[in-house]
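Working notes, beginning with the structure itself.
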Amino acid sequence: MSDASSSSPSKSQHATGYPADSSHDTVHSGELPLRHAGNAPDAAAVVHQDGELVLVATPIGNLADISRRAIETLQASDLILCEDTRTSARLLREYGIHTKTRPLHDHNEDRQIPALLHALAAGQRIAVISDAGTPLMSDPGYRLVRAVVAEGARVSAVPGPNAAIMALTLSGLPPHPFLFSGFLPPREAARREVLARLHAAECAGLAATLIWHEAPHRLAEMLATLAAVLGPARPAAVARELTKRFEEVRRGTLADLAAHYGEHPARGEITVVVGPPLEDDSTATDLDSQLRTALRTLSVKDAAALVAGITSLPRRTVYARALELARDES
């Protein structure tokens, strides 16, 4: 999720105690060489005995939410990998962080990995930040972390803001277990297919609070699809612009929320939270028990067709589960 317009503390009165130093502002953009630049233009290089990749959480809106440890880590790093260096530049300027930056995104992550591994092997400390929140959560960095772990190098993290967790705690819905799934597919057919598989898992016994991020222009359509597949009476919440001036958390059923945002288009960064199936929800009957009963007298194909008709789940999804149960019981 990107860091849109946000409220921030005065540059001379940060909650962390780190005033910005505008006299040393640098440009945080472009492909930069892998070398230490220091925290000021004339700073000497810091040599680390062991290389380290550090995942640093940054504010999701209000710049005052950055931690003191995050600032210290970014200042002491040899390089900061940013989802978008232009977006991160504001945060870095605000806290007087002059470490060199380099973009790391879905389109360049793979080709950057060899050079980054080489830098870590040479003892450099590299920080990873996303546009907002905790790195890797719907943001780039996973492939890099996997590569660093495979090389046996050190990976650590500085925890902090996370929009999904904040939305969950504000939703009034059961906080655990929960399932965070990033973004649903933007196209209706693909979105319905993903949700149908999830609903099949609920019919098989999954009971968790569900969390997604969503773009504002797709919110009403997404909520309508959720209501159609998971049931209109499911409790849910839409968290918008968290930690920012126009923060809003709207709670209700999926049907009510779909109707509201159909008439009142949303703006800003959005997280959708959906409660687990209701105990009396007839659409959340036990899929496995129904399949086992049908398999006593019917073939796998016929049992899947029968149960798919009863539950309104995709026949292909039910058939795959029927095959698994038949193999387990054979």
Side-chain angles (χ1 to χ4, degrees), residues 1-4 6-8 15-16 28 52-77 79-92 94-95 97 99 101-106 109 112 116 125-149 153-171 175-184 208-215 237 239-244 247 249 268-273:
M1 301 180 73
S2 64
D3 183 4
S6 59
S7 57
S8 61
T16 58
H28 301 277
E52 180 181 36
L53 184 73
V54 190
L55 311 176
V56 181
T58 55
I60 60 176
N62 192 314
L63 295 187
D65 290 337
I66 193 169
S67 71
R68 177 170 183 161
R69 183 174 164 224
I71 294 172
E72 292 173 346
T73 299
L74 294 175
Q75 289 176 331
S77 294
L79 175 70
I80 301 173
L81 299 174
C82 310
E83 184 179 359
D84 187 325
T85 55
R86 295 165 299 181
T87 300
S88 298
R90 181 188 178 197
L91 174 70
L92 301 180
E94 188 76 15
Y95 287 97
I97 299 168
T99 306
T101 63
R102 171 179 288 186
L104 182 79
H105 46 70
D106 290 336
E109 186 171 357
Q112 292 232 51
L116 295 171
R125 175 186 289 172
I126 300 175
V128 178
I129 61 176
S130 62
D131 285 350
T134 301
L136 276 67
M137 302 301 292
S138 297
D139 297 316
Y142 169 71
R143 286 171 287 179
L144 174 60
V145 169
R146 292 273 296 180
V148 173
V149 170
R154 175 175 169 77
V155 181
S156 64
V158 179
N162 182 287
I165 297 300
M166 184 174 178
L168 174 64
T169 57
L170 294 177
S171 68
H176 54 78
F178 68 86
L179 175 63
F180 171 66
S181 300
F183 287 84
L184 284 170
T209 298
L210 311 174
I211 310 172
W212 293 277
H213 295 319
E214 189 52 280
R240 189 178 66 83
E241 292 290 87
L242 293 176
T243 78
K244 302 176 186 177
E247 176 179 302
V249 180
E269 304 288 343
I270 293 168
T271 303
V272 176
V273 187

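What you are looking at is a predicted structure, and each value in this text was computed from that prediction instead of being measured.
In this structure, Ala163 and Leu242 approach most closely via the heavy-atom pair O-CD1, 3.7 Å. Scanning both residues, Val158 and Ser67, for their nearest heavy atoms gives CG1-OG, 3.9 Å. Of all heavy-atom pairs spanning Leu168 and Pro175, the tightest one is CD2-O, 3.4 Å. Residue Val56 comes nearest to Ala70 through the heavy atom pair CG1-CB, 3.7 Å, listed as atom of the first residue, atom of the second, then distance. Minimum interatomic distance between Arg125 and Ala76 (heavy atoms only, all atoms of both residues): NH1-CB, 3.5 Å. Of all the heavy atoms in Trp212 and Ser181, the pair that sits closest is NE1-CB, 3.4 Å.
Between the CD1 atom of Ile66 and the CD1 atom of Ile97 there is a distance of 5.5 Å, given to the nearest 0.5 Å. With rounding to the nearest 0.5 Å, the separation of NE2 in His213 from CD1 in Ile270 is 11.5 Å. Taking CD of Glu52 as the reference point, atom CZ of Arg154 lies at 4.5 Å (rounded to 0.5 Å). Note that CG of Leu79 is 7.5 Å distant from OG1 of Thr101, once rounded to the nearest 0.5 Å. Taking OG1 of Thr58 as the reference point, atom CD of Glu83 lies at 9.0 Å (rounded to 0.5 Å). Going from atom CZ of Arg102 over to atom CD1 of Ile80 covers 13.0 Å, rounded to the nearest 0.5 Å.
Ile129 places a side-chain heavy atom less than 4.5 Å from the side chain of Ser88. Put simply, the side chain of Ile165 reaches to within 4.5 Å of the side chain of Phe178, judged on heavy atoms. When side chains are defined from C-beta on, Val148 does not count as touching Ile126, because their heavy atoms never get closer than 4.5 Å. Leu81 is listed as a side-chain neighbour of Leu144, based on a closest heavy-atom distance under 4.5 Å. Side-chain contact between Pro59 and Leu91 is present, with at least one heavy-atom pair separated by less than 4.5 Å.
With Glu109 contributing its side chain and Arg143 its backbone, the two residues share a donor-acceptor pair below 3.5 Å. Formation of a donor-acceptor pair under 3.5 Å by the Tyr95 side chain with backbone atoms of Leu63 is found in this model. In this structure a side-chain-to-backbone donor-acceptor pair under 3.5 Å is present from Thr99 to Leu74. The main-chain N or O of Glu269 is found under 3.5 Å from a side-chain atom of Glu241 such that the two form a donor-acceptor pair. Looking at Ser130, its side chain does come within 3.5 Å of a backbone N or O of Ala132 through a donor-acceptor pair.
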*Starting from the C-alpha separation in whole Å, work towards a yes-or-no answer on side-chain contact (heavy atoms from CB on, under 4.5 Å) for Ile211 and Thr271.*
CA-CA 7 Å; Ile211 310 172; Thr271 303; 3.6 Å; yes

*Could you walk me through whether Ser77 and Val54 pass the side-chain contact (heavy atoms from CB on, under 4.5 Å) check?*
CA-CA 9 Å; Ser77 294; Val54 190; 5.5 Å; no

*Start with the C-alpha gap between Leu116 and Leu53, add the side-chain angles, then the distance that decides, and say whether side-chain contact (heavy atoms from CB on, under 4.5 Å) holds.*
CA-CA 9 Å; Leu116 295 171; Leu53 184 73; over 6 Å; no

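Looking at Asp131 and Arg90, no side-chain N of the basic residue comes within less than 4.0 Å of a carboxylate O on the acidic one, giving no salt bridge.
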